[in-house]
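Note sheet for the following structure.
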Amino acid sequence: MKEMLTKNLNPSQAEAVLCTEGPLIIFAGAGTGKTRVITHRIAYLLSLGVVSQSVLAVTFTNKAASEMKKRISDLIPGVGVNVWVSTFHSFCAHFLRAEASRISLNPYFLIYDFIDQKSVVKDCVKELNIDEKKFKLSIIADKISRAKDNLKFPSDMAAEAESAGDFFGITVAKIYELYQKKLERADAMDFGDLIMRTVSALQRHSELLEYYREKYKYIMVDEYQDTNHAQYIFIKLLAGKYHNVCVVGDDDQSVYSWRGADINNILDFEKDYPNAKSVKLEQNYRSTPKILSTANQVVKYNNARISKRLWTQNPDNGSVTVLKAVNENDEAVKIAELIYSNAYDNKCKFSDYAVFYRTNAQSRTFEDTFRLSRIPYAIVGTLRFYDRAEIKDVIAYLKLIYNPNDNVSFKRVINIPRRGIGKTSIETLENFAQLKNMSIWQSVPFAQEAGLTKGPAEALNSFAQFIKDFSTLKNSGSVKLIVEKVITDSEYLKELEAENTPESKIKIENIQELISAVDDFEKNRSLDKSLAGYLTQIALMNDADSPDESKGKVTLMTLHLAKGLEFDNVFICGLEEGLFPMGESAFNDKELEEERRLMYVGMTRARKCLYLCWSTERKVYGKIIWNMPSRFIAEAGFKDESAEMEQNRKQNFQNRLSQGFNRTIIHSDSFGREQNFRSFNKKSFKAEIVYTNAGSYGYMSSGGEITKAERFDNPAEDLSPYKIGTAVSHPVFGRGKIIEKSGVGNDLKLVVLFETGQWKKLLARIANLTLI
DNA sequence: CTCATATCGATTTTT
DNA sequence: TCGATATGAG
């Protein structure tokens, strides 16, 4: 058995697999066969006679969990399926339901997602009379989540904020406190609660801790670099007796610190477990040597990392190429040309290509371009199935049927479809409920007493009756039946049908898809087919990626979503200072390093060809900005372009100036694309390849920004002496020409192109310019 | 209560 | 730029 399991492994992989006792950390670089090692290690444990029920494997995503589960049971048929493989959240949800009675918890709690969380925060903000404009819901909800990630109670947050004199923190702590009360009152938990309450339960109930420690003698954690503090403590608790904990991860691929992930968990593992064994997986099976060395070279600029170097035996036939574009359309067109010409020649399939970008907004240009050039594409990520309004509506009905005290769901569906119960009615009722310490549901019978007029009160009652009508179905009936009854009896479907717009048709399709998903749930999920089981399942599961959807298509996605995937050809786009690395992160070492890791993740997805793309000009929020090429291009070993870039920019401006600045921009938008497409026949494919791997690299100074003046939008004549094209003189910068202009009066800002080639954005009021 | 217009504001998003 | 939300008239 041992031989069978190790014969296809390299020496370090085998070492990791065979090390079964005591703490073990596996540093698994990109493409080094991590999943293989984990699954083989579990198989090996089982072959040694370890009972499958005492092995626990934790991952972050359902996708990873089901993949692992499948591979384990393939490896050890029959026994493998009993290994507990699940996500942190799913494990904790099961734990809390199972042990609910012991920790005085309602086992029928609901799970709130981020949208629900924000909705509760909104209620809190209103109730506490806090200015919604100063405190944005998502920031507050985020801060509360971060606190839970760090096992901080409202009181902890308050105390910390107090001593730091952090006014914002003090306010959020108040919101957090109320927020928590509301969740408890509604028997709901957010994602953070699942972990935090599990940890608390284990800490407070020694008999529970002892039981689970005994139960799970062998623990494995995947993507350990992404664990937050709460998850870290959770593992530490469970592994506290036998110390048979094996964590796998790659510090170079830690890109979720903004969601509470603490990279120190992986960096300090050997401090936490002094007798820990450590294995590095460095042989890469994915990429060509050129791509690997380039990626290595970039990530080497990071300080907070454990030194490792990926190598490969793959043939050296790949390439890393920098693609320079004039604007974001040009960027997309060049990529489209490359993809199209290769696909046309049958050198590659569309599905061999992936386009990665830093922000979702960038996908738009690619969509437009690909659609025009008939390149099939699939966007991964943006809007998740269960986040769609119509799906959330139907689910809210289910939640309400399951637990009528769920205020969030109540408010969501009370007037969908319209029942003539408006904002004021709900508000009055909610205030009344608040006062009497009831849920909104419980206060429905007192609607008139609460001050509602007859119409709404009656509507409310019949709505309540509608929900009550499910009381028998909810315990015994099939979920599918409930859903169907909900959408027909509530007339939700009827209203959508009446709308009869393209949007409403899509919504109906989505609802139909939901029904078939429910059907699938009932047919293929033997464990818990109840409404409760279904709600838990979907709360913790985003839509399973349907593989056939990306078949034969170019994949478009953010760099974050690219983690864990691989493609023959990868385009990393928008490699510009300010976009990637993004915003201010260039000025903060920690943030810059995370951006760099993201770059590393992107680069190491490529098997054969990697393209680094940047554009000299880019439209952001409707304004054109000029960025410097990203430092990551230089760090990847491409020669310092800053000098040339500067030259470029001067040329750019001179050209614009001589042709009339505004015209050029407008033309390049509406006609430039057309021209590009006119040449879009197979023969003339030729992307401008600017630099290929050359020697030196250096650092580039951060780029300036120039914005197009609003003058196109409001051509009203102004009275100031400063006009576009006016020659002026500045005491320091010398002579120049006004090329841009925005604002009025005291706010009048000018962009002046000086004879030196330099341009500056100046406030007219203080710039001390003289007309010449 | 509902529909139409202003206003704001905008990373990344495993569960 | 464009989309999601807040405000106001009917």
Side-chain angles (χ1 to χ4, degrees), chain A residues 58-65 86-93 111-118 122 132-133 136-139 141-142 145 148-149 189-195 222-223 225-228 230-231 253-261 328 356-362 364-365 380-384 386-387 389 415 418-426 453 455-456 459 536-543 545 557-564 574 578-585 591 594-595 597-599 601-602 618-625 669 707-708 710 712-713:
Chain A
V58 208
T59 65
F60 277 87
T61 64
N62 295 298
K63 198 176 152 204
S86 79
T87 63
F88 277 100
H89 296 272
S90 155
F91 179 92
C92 291
I111 299 170
Y112 277 2
D113 66 16
F114 193 64
I115 296 171
D116 302 329
Q117 286 180 46
K118 280 194 290 191
K122 191 174 183 179
E132 235 183 279
K133 290 194 179 83
K136 283 206 353 250
L137 299 180
S138 57
I139 296 183
D142 222 50
S145 296
K148 292 183 178 180
D149 288 345
M189 277 199 219
D190 61 23
F191 292 135
D193 284 331
L194 293 174
I195 315 283
D222 190 18
E223 305 278 15
Q225 77 281 353
D226 290 335
T227 48
N228 60 38
Q231 291 159 337
Q253 294 188 64
S254 159
V255 291
Y256 281 107
S257 74
W258 49 277
R259 294 201 67 194
E328 76 279 359
F356 301 156
Y357 34 79
R358 180 62 238 265
T359 66
N360 283 123
Q362 288 166 260
R364 203 194 175 87
T365 321
V380 178
T382 32
L383 186 57
R384 293 186 297 172
Y386 289 102
D387 284 351
N415 206 27
R418 268 173 227 116
R419 300 182 173 91
I421 305 171
K423 222 170 131 189
T424 31
S425 305
I426 309 261
T453 45
T536 305
Q537 143 109 1
I538 58 160
L540 297 176
M541 173 88 104
N542 66 27
D543 48 324
D545 322 346
M557 61 179 147
T558 62
L559 283 139
H560 280 91
L561 290 176
K563 202 170 76 163
L579 183 58
F580 189 28
M582 167 147 274
E584 308 292 292
S585 61
E591 288 177 18
E594 180 145 323
E595 294 285 305
R597 290 193 291 268
L598 195 56
M599 177 70 183
V601 166
R618 180 176 298 275
K619 212 187 252 176
V620 178
Y621 306 143
K623 287 178 181 157
I624 291 183
I625 58 165
D669 266 348
T707 56
K708 194 172 72 158
E710 291 92 74
F712 304 129
D713 308 319

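Chain letters run A, B, ... following the sequence lines, proteins first, then strands; residues in each count from 1. Any value given below was found using the heavy atoms of this structure, including those in side chains, with hydrogens, waters and symmetry copies removed.
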Practice item. Take E223(A) and Q225(A) through the side-chain contact (heavy atoms from CB on, under 4.5 Å) test and state the conclusion after the steps. Key: CA-CA 5 Å; E223(A) 305 278 15; Q225(A) 77 281 353; 2.6 Å; yes
Exercise for review: Take H560(A) and L598(A) through the side-chain contact (heavy atoms from CB on, under 4.5 Å) test and state the conclusion after the steps.
Suggested key: CA-CA 7 Å; H560(A) 280 91; L598(A) 195 56; 3.5 Å; yes
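Considering only side-chain N and O atoms, T558(A) lies nowhere under 4.0 angstrom from the phosphate OP1 or OP2 of dT11(B). Residue N360(A) places no side-chain N or O under 4.0 Å from the OP1 or OP2 atom of dT11(B). At dT1(C), none of the side-chain N or O atoms of R618(A) fall inside 4.0 Å of OP1 or OP2 (strictly under the cut-off).
An anti base is found at dT12(B): its glycosidic angle is more than 90° from 0.
Of the inter-residue distances, the one linking F91(A) atom CZ with L540(A) atom CG reads 13.5 Å to the nearest 0.5 angstrom. The CG atom of L559(A) sits 7.5 Å away from the CZ atom of R358(A) when rounded to the nearest 0.5 Å.
The 5' end of DNA chain B is approached more closely, in terms of each residue's nearest nucleotide, by R419(A) than by the other of R419(A) and L559(A). Toward the 5' end of DNA chain B, the nearer of the two residues L598(A) and F191(A), judged by each one's closest nucleotide, is L598(A).
Per the geometry, CD belonging to E594(A) stands 16 Å off P belonging to dT11(B), to the nearest Å. Rounded to whole Å, atom P of dT13(B) lies 20 Å from atom CG of L137(A). The CG-P distance, from N228(A) to dT14(B), rounds to 15 Å in whole Å. Note: NZ (K136(A)) to P (dA6(C)) measures 13 Å, nearest angstrom. With rounding to whole Å, R358(A) atom CZ is found 11 Å from dT13(B) atom C1'. Atom-to-atom, CD1 of I115(A) to P of dA4(C) comes out at 12 Å; the value is rounded to the nearest Å. Rounded to an integer number of Å, the gap from F356(A) CZ to dT13(B) P is 13 Å. What separates CG of L194(A) from C1' of dT15(B) is a distance of 8 Å, to the nearest Å.
Residue-nucleotide stacking is not present for F60(A) and dT15(B), judged by a side-chain ring centre under 5.5 Å from the six-membered base ring centre and planes under 30° apart.
Within the nucleic acid shown, T424(A) comes within 4.0 Å of sugar-phosphate atoms alone, with no base atom in reach, counting heavy atoms only. Residue D226(A) is in base contact, counting any heavy-atom pair closer than 4.0 Å across all strands shown. Residue-level contact check: E595(A) touches the bases, meaning some heavy atom is under 4.0 Å from a base atom. If you check every strand for non-hydrogen atoms under 4.0 Å, K122(A) touches sugar and phosphate atoms only. No engagement by L579(A) is indicated, since no non-hydrogen atom pair under 4.0 Å with the nucleic acid exists. Residue F114(A) is classed as having no contact, given no heavy-atom separation below 4.0 Å to the nucleic acid.
Atom name C1', nucleotides dT11(B) and dA6(C): the rounded distance is 24 Å, in whole Å.
Minimum atom distance to the side chain of L561(A) is reached by dT13(B), of the listed dT15(B), dC3(B), dT13(B). Each of dC2(C), dT15(B), dT13(B) was ranked by its minimum atom distance to the side chain of R364(A); first place goes to dC2(C). When each of dC2(C), dA10(B), dT15(B) is scored by its nearest atom to the side-chain atoms of Y621(A), the top-ranked nucleotide is dA10(B).
Closest approach of K148(A) to A230(A), counting heavy atoms only: O-CB, 3.9 Å.
Side-chain N/O atoms of R259(A) and base N/O atoms of dT13(B) include a donor-acceptor pair closer than 3.5 Å.
Taking 4.0 Å as the cut-off between side-chain N and carboxylate O, E328(A) and R364(A) do not count as a salt-bridged pair.
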